[in-house]
Structure formats: structure tokens, C-alpha cells
Amino acid sequence: MKLRFLIPLVAFIALVGLLFVGLSLDPREIPSPLIGKEAPGFDLPELRNEEVRFAREDMLGKPALLNVWASWCVTCRQEHPMLAELRRAGVPIYGLNYKDTRSDALRFLGQFGDPYDAIGFDESGLVGIDYGVYATPETFLIDSNGKIRFKHIGMITPEVIETRILPLYRQLEAET
Amino acid sequence: MRPWNYLQLPLFVAAIALLMPMTAAAGPTAPPSEPMTFDSELDEQRYQKLIRELRCTVCQNQNLIESNAPLANDLRRQIALMINDGSDTDEIVDYMVARYGDFVLFRPPMKGITYLLWFGPVAMLLIGLGTLGTILWRRRTQVGSEPLSTDEEERLRSLLGDGGHDKT
């Protein structure tokens with residue numbers, strides 16, 4: 001009756017495997033339903049210049065990153081040098097300043113640098129809702145036609161840049 | 001102390017623990033902050049129902065009514081706006097799912113990817129019951145309770161010594 005002892009053992013190992021996989025998942029990583037869809041439209045005042053408007057259409061023509069950030073977001077502060085890095089690699093970076101005040105946001109840029117090509121000032125957070133934002137920082141990779149191809153939730157790390165963002169960006173760049 | 005005394009405390013704690021979720025389930029009846037105004041009683045009810053069924057995506061185990069996160073606040077305001085604009089309940093749910101995915105629903109839709117979620121527990125229960133049933137069935141067939149034969153009864157009596165009487 002070897003099987004009698006084997007079955008519980010196999011079941012136990014299967015359960016441990018299941019729990020192990022479960023533990024390694026990040027519950028904050030909610031798959032975005034927006035991947036592969038058109039980036040939602042918006043038309044916002046520019047953060048740095050009230051008179052200028054920044055709209056979704058301004059991002060088109062070249063693949064680009066849209067980074068959702070706020071001065072009150074501590075992780076954004078840590079992430080900030082990574083954006084400058086991407087800018088140096090030639091990636092256009094747009095910002096969505098989410099539920100912030102203009103003065104705080106400008107002070108943040110003064111302190112930590114400003115890698116953005118343009119920044120939409122989303123004071124009410126309504127554009128954030130359209131993009132399904134729930135945890136800043138969030139970063140979208142949008143192709144030249146305005147389709148969302150990739151979303152990263154949380155801080156961009158050098159690893160994310162090397163393994164996800166830059167390869168996909170180069171591929172999108174080649175497509176256009 | 002009698003064993004009962006040792007049991008009293010754990011039982012008391014267990015009883016409290018069982019009661020707790022019930023009191024929590026009664027929960028708040030209105031969002032903690034901003035009061036929303038609606039045109040009709042029906043709209044108000046739809047609002048209350050929606051903010052109980054939609055998840056706050058930041059604080060993942062709370063629904064919109066329980067959460068004080070700024071995002072939950074914004075989403076409640078958005079739902080109230082849409083209700084007052086005349087959107088029906090399905091439209092609002094679709095609006096949220098389009099932005100945050102099925103995850104925003106506390107009752108996920110039944111489709112291929114969620115079958116395991118919906119039927120997993122029942123399947124596990126059936127497997128468990130099946131296993132238990134098999135084991136019990138086997139045990140019953142293994143341990144027969146046939147009456148002793150005359151020879152065996154004789155032998156038993158001799159082993160017990162004095163004809164089966166208790167020593168006193």
C-alpha cells in the first residue's frame with residue numbers, strides 16, 4: 001500500500017507549491033484593462049505654465065512614457081532619478097501631476113530636477129481615474145498612435161528599465 | 001481545576017470572535033465624510049448599493065464605503081455625479097471595470113478565468129467529503145463485527161481467568 005502514503009505527500013507538496021507561488025505575487029499589481037487600448041483623452045493645463053494646455057494628442061507621433069506622480073508621493077521622489085535616466089536614453093517623458101498643488105509640485109521639480117517634456121496638472125484627479133490610477137507612481141508606455149502598450153505600477157527600478165521599458169520602447173520605435 | 005475551567009476562557013474568546021464580524025457587517029450607513037445629495041430615494045439606494053459592491057483599489061480589502069483613502073473619496077464622488085447625471089447602475093459598473101478591471105468588483109463575473117475562484121471551494125469540499133466517505137467505507141468493511149464462535153468464547157473465558165467475573 002505505497003500509494004496510501006504517496007498521495008498525502010504529493011498533495012502536501014502541491015499545496016506548498018501553491019502557497020509559495022501565492023506568496024511571491026504582489027497583490028498591488030492589478031492587471032490594467034487599459035493595456036492594448038487607446039490612451040484616454042485629456043486636455044489639461046500645463047503644470048509649469050498655466051496658459052499652455054497639454055492634451056493626449058501632444059504625446060502622439062513617437063512612443064513615449066506617461067508618468068503619474070505627485071509631490072506628496074514618497075516613492076515618486078525615489079523614482080525621480082530613473083526618469084532622468086530614461087530621458088537621457090532618448091525616451092520622451094510626459095507627466096501627469098496627480099492631485100497635487102501647483103506650488104508643491106513646482107517646488108518638487110526645483111528640488112529634484114525636471115525630466116518632463118510636458119506635464120498635465122490634474123488637480124481633481126479625474127484624468128487619473130480615467131487612467132485607472134490608484135497608486136502613484138504609475139507609468140504608461142504609449143505608442144506613437146496613442147495606444148497603451150505597457151503599464152508599470154510603483155517605482156521604476158533600473159531592472160524595470162533594462163528588462164521591460166527600454167526593450168519595448170526600442171521595438172515600438174522600430175515599428176514607427 | 002476541572003477541565004471545564006481550562007476551556008472557559010478559550011470558549012469565551014471564540015464566542016467574542018464569532019460575534020465580531022456580525023457587528024462589523026452592520027457597518028457604516030453613510031460615507032464618513034462628504035454627504036451626497038440625490039434627487040430621489042431610489043438614487044440614494046443605488047448609490048449605497050454601488051459603494052458597497054465596488055472595491056477600493058488602494059486599500060484592497062475594503063469597499064468604497066469603508067475606505068477613507070482619497071481615491072475612494074474621488075470614486076464615491078464620481079459615482080454620485082454619474083447617478084445624478086442619470087447613468088444607470090450597469091453603466092457605472094462598466095465605467096469602473098473599464099478603468100480598474102474586474103478587480104474592482106467584489107463579486108467577480110463568472111467567466112473562464114474566474115471558474116476556479118467560483119467553484120474551487122465547492123470542488124475542494126467535494127474532494128474532502130469524498131475522501132472521508134471512502135475512508136469510512138473502507139474502515140467499515142475492514143472491521144467486521146462478527147459474533148464470536150463457541151470455541152472463541154470458550155478461549156476468551158479461560159483467558160479472563162475466573163469465568164469472566166470482576167475481581168473485587
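These figures come from a predicted structure and were not determined experimentally. Proteins come first, then strands; the chains are lettered A, B, ... in the order of their sequence lines, and each starts at number 1.
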Colleague: Mind checking what makes side chain to side chain contact (heavy atoms under 4.5 Å, CB included) contact with K99(A), not counting sequence neighbours?
Modeller: W72(A), P70(B), D74(B)
Colleague: Output the distance between atom CZ (R77(B)) and atom OG (S124(A)), rounded to the nearest 0.5 Å.
Modeller: 6.5 Å
Colleague: Can you tell me which of P33(A), G125(A), G128(A), S32(A) forms the most heavy-atom pairs within a distance under 4.5 Å of chain B?
Modeller: P33(A)
Colleague: Under a 4.5 Å heavy-atom cut-off, does chain A meet the side chain of V104(B), its backbone, both or neither?
Modeller: neither
Colleague: To check you understand the geometry: which heavy-atom pair defines the closest contact between Y100(B) and I129(A), and what is its length?
Modeller: OH-CA, 3.6 Å
Colleague: First locate atom OH of Y134(A), then atom CZ of F103(B), and finally report the distance between them rounded to the nearest 0.5 Å.
Modeller: 7.5 Å
Colleague: Check this for me: K49(B), atom NZ, are more than 12 non-hydrogen atoms of other residues, nucleotides or ligands nearer than 6.0 Å?
Modeller: no
Colleague: Relative to chain B, which of V133(A), L126(A), L34(A) shows the most heavy atom pairs under 4.5 Å?
Modeller: V133(A)
Colleague: Under the side chain to side chain contact (heavy atoms under 4.5 Å, CB included) test, which residues partner I13(A), sequence neighbours left out?
Modeller: L9(A)
Colleague: Mind checking which of residues 80-96 of chain B sit less than 4.5 Å from chain A, heavy atom to heavy atom?
Modeller: Y95(B)
Colleague: Same cluster or not: I119(A) versus M82(A), using hydrophobic residues (I, L, V, M, F, W, Y) connected whenever any side-chain heavy atoms lie under 4.5 Å apart?
Modeller: yes
Colleague: Considering only heavy atoms from C-beta outward, does the side chain of D130(A) approach that of R99(B) to under 4.5 Å?
Modeller: yes
Colleague: Is L96(A) reachable from I156(A) through a run of hydrophobic residues whose side-chain heavy atoms are each under 4.5 Å from the next?
Modeller: no
Colleague: Could you state whether W69(A) and I148(A) fall into the same hydrophobic cluster, counting links through intermediate Ile, Leu, Val, Met, Phe, Trp or Tyr residues with side-chain heavy atoms under 4.5 angstrom apart?
Modeller: no
Colleague: Identify whether L66(A) and L109(A) are in the same connected component of the hydrophobic contact network (ILVMFWY, side-chain heavy atoms under 4.5 Å).
Modeller: no
Colleague: Can you hop from F108(A) to L86(A) via hydrophobic side chains spaced under 4.5 Å?
Modeller: yes
Colleague: With D114(A), which residues qualify under salt bridge (Lys or Arg N to Asp or Glu O under 4.0 Å), at least two apart?
Modeller: R48(A)
